[in-house]
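Report on the structure given below.
Residue numbers begin at 1 in each chain, while the letters A, B, ... track the order of the sequences. Every value quoted in this text rests on a predicted model; they were computed, and no experiment measured them.
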Amino acid sequence: MSNHRHTPYSAAEVERKWQDQWERRGSNAYTREQLAAARDPYYNLMMFPYPSAEGLHVGNIYAFTGADVHARYQRLRGKDVFQPIGFDAFGIHSENFALKVGIHPMDLIPRNVANFTRQLRRIGGMFDWNHTVDTTDPAYYRWTQWIFLQLLKAGLAVRKKAPVNWCPSCKTVLANEQVIQGRCERCDSLVEPRSIAQWFFKISDFAERLLENHRFIDWSESTRKAQINWIGRSEGAELAFPVVTPWQALEGVADPFAELTRIWRDSSTGIAAGEDAPVPQLPCVPVYTTRPDTVFGATYMVLAPENPLVDWITTPDQRAEVDAYRSSVAQLDLVSRQKIEKTKTGVFTGAYCLNPATEARIPVWIADYVLMGYGTGAIMAVPGHDERDFDFAHEFDLPIPRVIAGPGQDASTPLTEAFTGDGTLVNSGQFDGLTVEEGIVQIVEWLAEKGAAESQVNYRLNDWCISRQRYWGPPIPVIYCEECGVAPVPEDDLPVVLPRIEDFKPDDTGVSPLARVVEWYRTVCPSCGGEGRRETDVSDTFLDSSWYFLRYPSTDRSDVPLDPELTGSWLPVDCYIGGNEHAVLHLMYARFITMALHDLGHLDFEEPFSKFRAHGLIVRGGAKMSKSRGNVIVPDPIIEEYGADAFRLYLMFLGPFEEGGDYRDEGIHGPFGFLNRLWDAVLTAVDRDHEGPRPDPEVERKLHQTIQQVTGQVPELQYNTAIAALMEYLNQVRAGGRTPCRAEVEPLIPMVAPFAPHIAEELWSRLGHVDSVFEGGNWPEFDPEKARHVSVTMAVQVSGKLRGTILGPVGMSQERAEALAREEENVARHLEGKEIRKVVFVPDRLLNFVVG
RNA sequence: GCCGGGGUGGCGGAAUGGGUAUACGCAGGGGACUUAAAAUCCCCCGGGAGCAAUCCCAUGCGGGUUCGAAUCCCGCCCCCGGCACCA
């Protein structure tokens with residue numbers, strides 16, 4: 001139907017033109033003054049990419065486009081939108097690739113960054129190129145090191161020797177968050193436990209706030225739940241079990257609990273005991289339990305093999321067996337150790353404790369089903385009411401008494417398996433008959449009076465190990481001195497620059513390649529002036545990315561990490577979009593660092609991201625994209641053929657943005673055709689503009705309904721249905737080959753603009769606008785009057801089955817509707833000879849005759 | 001095992017304060033234009049029966065509530081993701 005008076009749509013030409021325009025005008029790149037002067041700031045963020053040698057992949061483009069659509073929409077609504085991007089270029093991933101291809105990362109990264117920058121421009125993202133960060137730039141990591149020093153000063157960064165995860169392939173330690181099912185998240189190798197002195201950030205001190213703040217931040221449910229699982233809060237009590245070893249005389253102690261001394265856990269070193277700690281008069285083993293109500297059923301105890309108490313508690317005749325078991329456990333990797341199906345193993349230590357409730361002497365065992373990293377590294381075993389303890393007791397013929405009776409059970413009902421359900425207490429002295437809930441409260445109170453119990457909350461979350469025995473990261477800014485111990489590098493001496501070395505291959509020694517560079521690590525102690533040695537480990541990449549969004553507005557300032565004025569007006573981030581794979585990694589760390597900087601007075605907010613939305617995953621042929629499957633999408637040829645606009649539109653149309661979708665190569669034909677028809681419709685309207693507007697009330701109604709729907713859905717990231725609505729509208733505008741007028745197509749342009757910004761700019765300018773479509777709040781206004789229907793089609797049912805439809809005016813009365821319905825032949829036929837028992841009338845929707 | 005999310009045509013997906021299931025698009029079929037092809041445009045497109053009007057069946061499975069259920073309730077099955085010997 002096109003009259004072909006206008007030029008055909010050439011995506012390549014249009015997109016090149018507008019990318020040049022945006023760049024020349026500096027449309028999206030703010031100066032410091034502009035950022036400071038913003039009246040209605042909106043900080044829109046996406047997770048900055050790791051600049052791989054392969055270039056942007058579809059996952060990146062999908063996420064970035066989804067975020068960019070949001071930014072452009074906010075811009076069209078008149079907000080001042082800040083949307084920066086940067087490069088997360090430090091880390092093992094980059095380093096491994098550099099090692100593989102034999103090019104130094106200092107040479108490789110700039111190339112990759114240049115290529116990414118080119119591709120990011122090509123997809124038409126509204127990025128502020130005046131405010132980028134590169135984590136490998138000393139001007140950036142100077143402040144990463146500064147953050148380390150602030151945490152060190154505040155006691156939130158501590159060096160401790162602790163069991164850590166060693167990846168034998170990456171040859172470095174990893175944080176717990178980087179170990180997935182006992183394997184390295186990078187290379188999938190089985191992780192080995194090692195005990196090395198490392199730097200830790202005390203994120204566990206923030207567990208409660210990291211959990212609680214989820215009440216007020218607006219995050220995707222899936223991400224929120226993943227974080228809550230990871231933090232793993234549990235409520236229970238710590239109970240003290242006095243040690244009564246056979247060789248230790250208890251004579252002369254009238255009441256063992258009167259002089260009870262507890263060994264409290266030291267959160268940095270585990271249990272304080274052995275040579276370093278004074279042995280108390282009547283020492284106790286502390287245990288953590290969520291079921292203090294079952295304490296009368298605790299017939300033995302189990303310590304983790306790594307528990308330092310084991311050294312001290314084991315009797316001479318059991319020592320050989322205990323030592324053998326401990327070393328056999330030390331050999332195991334985490335996966336084999338933590339297999340649930342594994343038969344329970346363990347060894348008796350020869351020692352006994354008193355059950356504080358029954359005062360019975362119970363044996364102390366060690367077994368690898370008890371983990372040192374949780375609670376106190378020791379448990380009271382209640383075989384009757386815990387599956388693991390049941391299995392263990394069964395294996396070693398330990399008594400299994402019942403202390404909880406479920407429905408239909410009593411104190412003597414035999415236990416054939418652990419009973420973990422609800423019930424009442426039995427065989428528990430004065431507490432018999434209480435419910436589990438009452439028992440928990442009353443037993444803790446009773447034991448607390450003896451000094452043997454205290455209510456406690458426990459978290460699964462462990463401290464963040466940030467040391468890496470690798471090369472490609474920011475050196476941890478401390479110096480070791482024989483005299484002064486650990487001396488922080490003075491802030492004025494930052495950055496501690498990573499030296500360029502050619503041999504940066506990691507090895508198995510447990511120290512970083514930097515430890516081979518004597519001229520670099522040998523230095524002067526900043527506090528005494530004596531001989532000093534630099535820390536040769538570098539910090540975790542996730543420290544680099546834990547604060548990049550804080551830096552973006554302040555990149556013009558080299559004298560401070562954060563410009564106070566800009567930080568105050570632009571942060572926290574209004575909307576953050578990214579992948580859920582970072583739920584317990586980056587997103588947890590960024591919250592922690594922000595919280596710590598808040599507490600130290602550097603920020604006036606404690607949550608970095610007011611709103612976070614996790615995008616879905618793009619799959620192809622129902623399967624995750626991977627090189628080995630050969631189903632990876634290469635974006636450049638697609639953009640070449642259909643243009644960035646069509647590609648963006650297609651990606652957003654695939655499925656709900658927060659759920660992802662299945663990519664099919666032919667699918668782009670739909671959105672591409674839509675853009676062509678849009679082009680044709682708008683230019684046709686321009687051509688016949690002199691003929692004047694010709695309002696069509698039906699089209700105008702549809703227009704306002706579309707504005708309403710799209711305005712509701714786009715800010716909620718419901719892109720696929722918003723695009724469908726735009727398509728429907730254009731279909732109606734062009735229905736039957738009619739020629740549209742300007743008023744019908746013009747409002748379509750700003751609505752399409754977030755998805756397809758280049759063609760929108762071009763059509764907007766062809767309509768005679770001088771300014772960019774994104775300047776001046778051009779989003780169309782919805783008029784409810786104009787959207788109002790005048791007539792409706794109502795469904796007519798007979799006994800709930802659809803038998804016809806009737807067309808009538810909006811708000812038609814039941815009488816009128818019934819009359820119309822009875823005229824319908826099919827309806828009349830189904831009513832014939834039947835008695836109407838009831839009529840259900842839903843105004844403007846349906847009429848249902850219920851017949852007998 | 002626990003915690004999220006999901007299961008609708010050949011495919012991606014619409015529609016959940018219950019009210020015309022399958023919008024929008026892909027793929028497929030038919031037609032127009034063309035010397036031809038591409039592009040474009042028009043029509044058809046869940047399954048079954050029927051010349052047709054129309055009827056029956058269908059939203060993972062089995063029950064229930066209701067005039068009416070993809071949507072609510074009960075009991076299951078399957079897929080994706082998080083946690084998992086966490087006491």
| query | Is the shortest side-chain N to carboxylate O distance from A:Asp368 to A:Lys344 below 4.0 Å? | reply | no
| field | Presence of salt bridge, A:Arg233 and A:Glu208, under 4.0 angstrom | value | yes
| query | Is A:Lys801 near enough to B:C57 that one of its side-chain N or O atoms lies under 4.0 angstrom from OP1 or OP2? | reply | yes
| query | With the threshold set at 4.0 Å, does a side-chain nitrogen-carboxylate oxygen contact exist between A:Arg829 and A:Glu832? | reply | no
| said: Check this one for me: any side-chain N or O of A:Tyr374 less than 4.0 Å away from OP1 or OP2 of B:A87? | reply: yes
| query | Is the shortest distance from a Lys or Arg side-chain nitrogen in A:Asp386 or A:Arg291 to a carboxylate oxygen in the other one below 4.0 Å? | reply | no
| query | When you check the phosphate oxygens OP1 and OP2 of B:C55, does a side-chain N or O of A:Asn826 lie under 4.0 Å from one of them? | reply | yes
| query | Has A:Asn580 got a side-chain N or O lying under 4.0 Å from the OP1 or OP2 atom of B:C80? | reply | no
| Is any side-chain N or O of A:His669 closer than 4.0 Å to OP1 or OP2 of B:G25? | no
| task | Ignoring backbone atoms, test whether A:Arg845 places a side-chain nitrogen or oxygen under 4.0 Å from the OP1 or OP2 oxygen of B:U20. | result | yes
| said: Can you tell me if A:His830 touches the phosphate of B:U54, counting only side-chain N or O atoms and a distance under 4.0 Å to OP1 or OP2? | reply: no
| message | When the C1' atoms of B:A70 and B:U16 are compared, how many Å lie between them, rounded to an integer? | response | 8 Å
| query | Between A:Asn720 and B:A14, is there a side-chain N or O to OP1/OP2 distance below 4.0 Å? | reply | yes
